[in-house]
K.L.:
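The structure's right below; bear with me while I get my questions together.
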Amino acid sequence: MSSPDETVTADVAVIGGGLGGVAAALAAARAGRSVVLTDEYSRVGGQVTTQALPALDEHPHVETFGASASYRAFRDAVRARYGGVANPGGGWVSRLCFEPAVAQAILDDLLAEAKVTVLTGVAPVAARVNGGRVRDVTLADGTVVAATVFCDATERGDLAPLAGFATVHGSEGRDAHGEPDAVPGGPDPAAQQSFTWCALVEHQPGEDFTGPAPAGYADLRHRLSFDIAGWDGGVHRYRMFTDGPDGKPPFWTYRRLRAEAPELVVLNWASNDCAGQDPLGDPAGAERAGRDLTAAFVHWLRTEAPRSDGGRGFPGLRLAPEAAGTPDGYAEAPYLRESRRVVVDTPVTGHDLEPVEGRARARHLPGSLGVTWYHVDLHERTGHPAPVYRPTAPFTIPASGLAGGVRRGPPGLNPAGGPRRRPSRALI
């Protein structure tokens with residue numbers, strides 16, 4: 001919804017309504033603060049709604065420990081909506097796959113219960129800073145949000161440069177911190193990870209939804225295949241509805257979100273992993289490239305994907321706009337793996353994630369606000385196609401790694417640099 005008021009005032013303003021933004025808003029509201037949450041898209045939820053990717057990436061022990069109370073409550077609420085089914089979609093990439101509409105309903109209820117003011121469809125366009133602190137933010141519809149504390153939870157890190165805080169993006173380079181997974185040499189802001197413009201697809205056997213080939217299909221089809229390089233250096237072969245010849249489960253159930261007919265999947269695969277673009281500096285150009293690649297993948301699946309009977313194509317694949325909440329079945333927003341990051345004195349680096357012999361966690365960082373855990377999973381970076389996948393230990397996130405305290409030059413003039421570690425950015 002849009003605000004009817006010219007100015008909205010709160011104790012805390014969270015700019016960006018993805019899962020991180022929603023978590024920040026709920027935490028502040030439950031601590032007794034008045035909160036306003038804004039998002040540039042039509043709904044809150046980010047990955048699980050507008051990005052059409054509610055197949056959760058989680059660490060392997062999430063079912064028994066290592067999750068916050070609020071995140072566990074969200075997971076429990078999802079399962080409750082499906083009558084207690086542990087994994088409603090049955091997707092094998094995640095322990096919990098479900099439909100975007102379910103996530104949206106749960107998040108809307110949680111925010112309403114916490115009395116968070118939610119403004120959607122409005123991106124930040126300007127920020128007023130006084131004494132090194134953000135005082136108010138102007139949204140695209142003219143609404144001014146004034147607050148004591150601002151949190152930049154946007155997917156691209158959009159608020160920080162508006163407020164004149166120094167940011168980096170791309171790769172800092174291995175020279176900066178000696179990280180083994182960093183791009184060799186110095187900073188390379190163009191070395192951003194690939195992103196995906198997801199789409200939701202149903203399978204309706206016996207139907208034919210094949211249309212004309214999308215523009216540029218002939219140039220894109222060379223990369224559309226079920227045979228993809230694995231994180232172990234090999235090539236894993238997949239089939240559509242049955243196990244592959246090397247034992248890998250079906251492509252169709254990889255990110256399946258609905259197990260009942262008509263079955264629903266989200267297309268987020270190596271084939272529509274879009275690299276070589278600049279989603280931070282040229283979001284419109286990246287959108288065109290990402291959507292074109294996914295459209296080509298859909299057409300290839302309908303017309304050329306190999307079948308077990310020796311034939312080609314699955315014409316019964318239908319884009320599902322009602323499930324995606326969009327007019328065409330493509331996601332409303334891109335699934336980004338990288339954003340701008342506020343420059344801090346002591347960033348969390350790859351070394352801080354390393355397992356420590358004899359300990360359950362990585363090394364402790366002073367001023368920790370919490371513990372998190374996920375493996376290193378770097379997709380292709382522009383100019384550097386090799387992916388990186390390796391284990392980590394549970395690691396700490398210090399306050400000094402989240403709060404922006406460096407302003408360099410007028411808003412919009414920022415240096416460039418490193419791979420994203422995806423914390424929200426508090427600008428206080």
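Only this structure's heavy atoms are used, side chains among them; waters, hydrogens and symmetry mates stay out. One is the number of the first residue; the rest follow in order along the sequence. Remember, predicted model here, so these are calculated numbers, not experimental data.
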K.L.:
Kindly compute the distance separating CD (Gln51) from CZ (Arg43), expressed to the nearest 0.5 Å.
P.N.:
10.5 Å
K.L.:
Does any part of the side chain of Pro347, heavy atoms only, come nearer than 4.5 Å to the side chain of His177, both counted from C-beta?
P.N.:
yes
K.L.:
With sequence neighbours left out, which residue pairs that include part of residues 28-67 fulfil the ring pair (Phe, Tyr, Trp, His ring centres under 6.0 Å) condition?
P.N.:
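For residues 28-67: His59-Trp373, His61-Phe65, His61-Trp373.
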K.L.:
Nearest heavy-atom pair of Arg156 and Pro334: which atoms, and what distance?
P.N.:
NH2-CG, 3.8 Å
K.L.:
Are Tyr330 and Leu319 packed together at the side-chain level, in the sense that at least one heavy-atom pair is separated by less than 4.5 angstrom?
P.N.:
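Tyr330 vs Leu319: side chains touch.
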K.L.:
Residues in ring-ring contact (aromatic ring centres under 6.0 Å, His included) with Tyr71, at least two apart?
P.N.:
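Applying ring-ring contact (aromatic ring centres under 6.0 Å, His included) to Tyr71 gives none.
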K.L.:
With a 3.5 Å cut-off and sequence neighbours excluded, list the donor-acceptor pairs that the side chains of residues 95-102 form with protein atoms.
P.N.:
from: Arg95; atom 1: NH2; to: Pro60; atom 2: O; distance (Å): 3.3
from: Glu99; atom 1: OE1; to: Tyr82; atom 2: OH; distance (Å): 2.8
from: Glu99; atom 1: OE2; to: Arg258; atom 2: NE; distance (Å): 3.1
from: Glu99; atom 1: OE2; to: Arg258; atom 2: NH2; distance (Å): 3.4

K.L.:
Nearest 0.5 angstrom please: Arg288 CZ to Asp282 CG, how far?
P.N.:
6.5 Å
K.L.:
When you look at Thr349 and Asp352, which way does the side chain to side chain contact (heavy atoms under 4.5 Å, CB included) test go after all the steps?
P.N.:
CA-CA 5 Å; Thr349 73; Asp352 300 317; 3.4 Å; yes
K.L.:
Is Arg307 reaching over with its side chain to a backbone N or O of Gly313, donor-acceptor style, under 3.5 angstrom?
P.N.:
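At least one qualifying donor-acceptor pair exists.
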K.L.:
Which pair of heavy atoms, one from Val342 and one from Ala160, lies closest together, and at what distance?
P.N.:
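Minimum heavy-atom separation between Val342 and Ala160: CG2-CB, 3.8 Å.
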K.L.:
Check side chain to side chain donor-acceptor pair (under 3.5 Å) between Asp208 and all other residues, then give those that pass, not counting sequence neighbours.
P.N.:
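Side chain to side chain donor-acceptor pair (under 3.5 Å) list for Asp208, sorted by chain: Thr210.
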K.L.:
Under the 3.5 angstrom rule, does the side chain of Ser271 hit a backbone N or O of Ser225 as a donor-acceptor pair?
P.N.:
yes
K.L.:
Any side-chain heavy atom of Arg75 within less than 4.5 Å of one from Val62?
P.N.:
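Heavy-atom side-chain distance check passes, below 4.5 Å.
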K.L.:
According to side-chain contact (heavy atoms from CB on, under 4.5 Å), who are the partners of Ala289, at least two apart in sequence or on a separate chain?
P.N.:
Cys274, Gln277
K.L.:
Apply side chain to side chain donor-acceptor pair (under 3.5 Å) to Glu113 and list each qualifying residue two or more places apart in sequence or on a separate chain.
P.N.:
none
K.L.:
Output the distance between atom CZ (Phe395) and atom NE2 (His364), rounded to the nearest 0.5 Å.
P.N.:
14.0 Å
K.L.:
What residues form a side-chain contact (heavy atoms from CB on, under 4.5 Å) with Pro355, not counting sequence neighbours?
P.N.:
Ala393
K.L.:
From the options Arg359, Arg363, Arg390, select the one residue that forms a salt bridge (charged side-chain N to carboxylate O under 4.0 Å, His left out) with Glu354.
P.N.:
Arg390
K.L.:
Could you tell me which residues satisfy side chain to side chain donor-acceptor pair (under 3.5 Å) with Asp278, sequence neighbours excluded, listed by chain and number?
P.N.:
Gln192
K.L.:
Do you know the tightest heavy-atom contact between Gly17 and Asp39?
P.N.:
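Taking every non-hydrogen atom into account, N-OD1, 2.6 Å.
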K.L.:
With sequence neighbours left out, what residues match Glu260 under salt bridge (Lys or Arg N to Asp or Glu O under 4.0 Å)?
P.N.:
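With sequence neighbours excluded, Glu260 shows a salt bridge (Lys or Arg N to Asp or Glu O under 4.0 Å) to no residue whatsoever.
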K.L.:
Would you check if the side chain of Ser368 reaches a backbone N or O of Leu365 as a donor-acceptor pair within less than 3.5 Å?
P.N.:
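Not at all, since once roles are kept as given, no pair shorter than 3.5 Å links the two residues.
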K.L.:
Sequence neighbours left out, what passes side chain to side chain donor-acceptor pair (under 3.5 Å) with Asp273? Give chain and number order.
P.N.:
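Result, side chain to side chain donor-acceptor pair (under 3.5 Å) vs Asp273: Ser194, Arg337, His379.
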K.L.:
Between Arg237 and Ile228, is there a side-chain heavy-atom distance shorter than 4.5 Å?
P.N.:
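When only atoms from C-beta onward are counted, Arg237 and Ile228 do not touch, as no gap falls below 4.5 Å.
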K.L.:
Show the nearest heavy-atom pair for residues Arg30 and Ser70, with the distance to one decimal.
P.N.:
NH1-CB, 3.8 Å
K.L.:
Rounded to the nearest 0.5 Å, what's the gap from CZ on Arg256 to CG on Asn87? Could you check?
P.N.:
8.5 Å
K.L.:
Suppose we call two aromatic rings close when their centres sit under 6.0 Å apart. Are Trp92 and Phe251 close by that rule?
P.N.:
no
K.L.:
Is a side-chain donor-acceptor pair under 3.5 Å present for Asp188 with Ser171?
P.N.:
no
K.L.:
Say you draw a straight line from CD of Glu322 to CG of Leu200; how long is it, rounded to the nearest 0.5 Å?
P.N.:
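Glu322 CD to Leu200 CG: 9.0 Å, rounded to 0.5 Å.
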K.L.:
Applying ring-ring contact (aromatic ring centres under 6.0 Å, His included), can you list everything that pairs with Tyr238, at least two apart in sequence or on another chain?
P.N.:
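Tyr238 satisfies ring-ring contact (aromatic ring centres under 6.0 Å, His included) with Trp269 only.
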K.L.:
May I ask you to decide if Gln193's main-chain N or O and Glu338's side chain share a donor-acceptor pair within less than 3.5 Å?
P.N.:
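At least one qualifying donor-acceptor pair exists.
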K.L.:
Just by distance, do the side chain of Arg33 and the backbone of Asp11 share a donor-acceptor pair under 3.5 Å?
P.N.:
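Such a contact is absent between Arg33 side chain and Asp11 backbone.
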K.L.:
Which ring pair (Phe, Tyr, Trp, His ring centres under 6.0 Å) pairs, counting each pair once, include a residue from residues 194-215, with sequence neighbours left out?
P.N.:
His203-Phe241, His203-Trp252
K.L.:
Step by step, would you call Asp158 with Arg340 a salt bridge (charged side-chain N to carboxylate O under 4.0 Å, His left out)?
P.N.:
CA-CA 8 Å; Asp158 293 331; Arg340 303 176 186 91; 2.8 Å; yes
K.L.:
Is Lys248 close to Asp243 at the side-chain level, that is, under 4.5 Å between some pair of heavy atoms?
P.N.:
no
